[in-house]
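These notes are about the structure you will find just below.
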Amino acid sequence: MINALKGMKDVEGKYAFYYTKIIKICEEVAKNYGFSFINTPHLELSKLFKRSVGESSDIVGKEMYEFIDKGGNKVCLRPEGTAGVVRSYIEHKMDKAQSVKRWFYHGSMFRYERPQKGRLREFHQFGVESFGTASVYEDASLILMLVEIFTRLNIKFSLIINSLGCPQCLPSYKKALMEFLDKQEGLCEDCLRRKDLNVIRILDCKNEHCQNLLQNAPLLSQKLCPSCQKDFTLLQTCLKENGVEFKLDDKLVRGLDYYSKTAFEFISDEIGAKAAIAGGGRYDRLIEYLGGKSGYGVGFALGIERLIAILEQKEEECEREGIYLCAMDENYVPKLLQIATNLRKNKKVFLSYEAKKLAKHLANADSANAEIFLCMGANEAQNQSLFYKNLKTKEEKQILISNLESGL
Ligand code: HAM
């Protein structure tokens, strides 16, 4: 037996049903917000992520699927989607013109994490990236887009937001935090590493001792420059005016190094300990870090597996769809093929090629999740009709083949 690797899963069956449902809703909402589709490669040069996601992140520090390809390039399976999309924006010279671009994407991301419910090594994200807009209304719109997606999926969430400052105010905050930490003892190994690489990442350390040490640490919210403060206040006003509840969290720094100003996370209690179902923020400096002309960027990604885990828990009934067409005698199959070809012009049809007893066909229609069951037995063949059963409402009747279009 050759099995899938640990932390990697086939998207099939019920899982595939939820997967396509989530993507369909995300795409509809993203298009309504003016976003269009982009797809970037799964494999990129490792340095793309080292420079963007950052050396202080767990992703770059511990979780990348990295190897040397046959051409001697150090490459990596993408651990997230933003860096590739920013690379594409720069590679196609859109940064030079400061083009306004709004893209959405979905697909596999790879992180070598310890697998558990809602945490995989190959997982799927739906994400959006918006370039060329400095306005904080864009940040608010992205949050409202996520609210719309979760509302359509009937998923409850809590929202936390923070401002991570900008090159005007962040350096002096980092200095104050550093001075504070220099007086503390017993930071965990990860935090000692983060202290040198990106000190604010220490704020969201999960280690209890580190959190105790941080209790009296200086707060970035008290050190924001007037421009960051103005934007952050406006963001909160927009959310309130649109009826979105949120909490401020000074310790929300996100696990990736590229953020500035707005940072946000959507949390769900429905899959065990508070799990992030989506996260994002503004990354105005990233385009420049990756060699482009300085510009504006903001985006988010949501974790599809985490949403599936919530929907599965709710035991949401898979919606029935399509027609199951079958016969009790193999000689009727050529006629059924003609009927199916006609119906398939605008309907989904599962056609069974084998003769079976009615009960067996009904069981197969049920497991195919069909909505309508049509079967030809001896009587039906004689009358040029079909036995009809609606598997949702349980209604049964005979339908003449000549009336099929209108009778379904
Ligand atoms: P992230 O917070 O690393 O952000 O990931 C976004 C979401 O992906 C998380 O909230 C979570 O739902 C899901 N996720 C992360 N790791 C796993 C995993 N191992 N298994 C299952 N789901 C997971 C980013 O990736 C940024 N690129 C988001 C962004 C876009 N920021 C700006 N633009």
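None of these values were measured; they are calculated from a predicted model. Each ligand, and each atom within it, is numbered from 1 in the order the structure gives.
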| said: E305 vs Y15, test: side chain to side chain donor-acceptor pair (under 3.5 Å). Steps then yes/no. | reply: CA-CA 9 Å; E305 278 73 12; Y15 187 58; 2.8 Å; yes

| Where do E354 and S352 land on the side chain to side chain donor-acceptor pair (under 3.5 Å) test, with the steps shown first? | CA-CA 6 Å; E354 288 166 54; S352 167; over 6 Å; no

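Taking the six-membered ring where the residue is Trp, the centroids of Y258 and Y289 are separated by 6.0 Å or more.
In this structure, G127 falls outside the shell of residues with a heavy atom less than 4.0 angstrom from ligand 1. A heavy-atom separation below 4.0 Å is not found between F266 and ligand 1. By the 4.0 Å heavy-atom criterion, R121 is excluded from the residues contacting ligand 1.
Under a 4.0 Å N-O distance rule, the pair K50/E55 does not qualify as a salt bridge. Using a cutoff of 4.0 Å between basic side-chain nitrogens and carboxylate oxygens, K156 and E270 are not scored as salt-bridged. A salt bridge is absent between R121 and E63; no separation between the charged side-chain nitrogens and carboxylate oxygens falls under 4.0 Å. The pair R78-E44 does not meet the salt-bridge criterion, since no charged nitrogen lies less than 4.0 angstrom from a carboxylate oxygen.
The shortest non-hydrogen separation linking N331 to D329 is N-OD1, 2.8 Å.
Between F131 and Y89, the ring-plane angle classifies as parallel under the 30° and 60° cut-offs. Using cut-offs of 30° and 60° for the angle between ring planes, the F264 and F266 rings count as perpendicular.
Among protein heavy atoms, the minimum distance from atom 9 (C) of ligand 1 is reached at A276 O, 4.0 Å. Taking atom 20 (N) of ligand 1 as the reference point, the nearest protein heavy-atom neighbour is L120 N, 3.0 Å. With respect to atom 8 (O) of ligand 1, the closest heavy atom belonging to the protein is Q125 NE2, 3.2 Å. Atom 22 (N) of ligand 1 has as its closest protein heavy atom F123 CD1, 3.5 Å. Protein heavy atom nearest atom 21 (C) of ligand 1, with residue, atom name and distance: G118 O, 3.2 Å.
Between Y258 and ligand 1, a contact under 3.5 Å exists for at least one N or O pair. At under 3.5 Å, a nitrogen or oxygen of E129, whether backbone or side chain, sits near a nitrogen or oxygen of ligand 1. By the 3.5 Å distance cut-off applied to N or O atoms, I59 is not counted among the residues near ligand 1. The distance criterion of under 3.5 Å between nitrogen or oxygen atoms is not met by G281 with respect to ligand 1. Between E80 and ligand 1, a contact under 3.5 Å exists for at least one N or O pair. Between L302 and ligand 1, no pair of N/O atoms sits closer than 3.5 Å.
In summary, the atoms of ligand 1 found under 4.0 Å from a heavy atom of I277, numbered by their order in the structure, are 10 (O), 12 (O). The distance from ligand 1 to the heavy atoms of R119 drops below 4.0 Å at these ligand atoms: 18 (C), 19 (N), 20 (N), 21 (C). Atoms of ligand 1 found under 4.0 Å from any heavy atom of Y259 (numbered from 1 in listed order, with element): 26 (C), 28 (C), 29 (C), 31 (N), 32 (C).
The only option from K261, R282, R102 that meets the salt bridge (charged side-chain N to carboxylate O under 4.0 Å, His left out) definition with E138 turns out to be R102.
The side chain of R254, and not its backbone, has at least one atom closer than 4.0 Å to an atom of ligand 1 (non-hydrogen atoms only; side chain from C-beta on).
Around atom 7 (C) of ligand 1, the closest heavy atom drawn from A301, A309, G255, S52 belongs to A301. Among G303, A278, G280, the residue whose heavy atom sits closest to atom 10 (O) of ligand 1 is A278. Of the options R111, E63, E113, the smallest heavy-atom separation from atom 19 (N) of ligand 1 is shown by E113.
There is a side-chain donor-acceptor pair under 3.5 Å between Y105 and E129.
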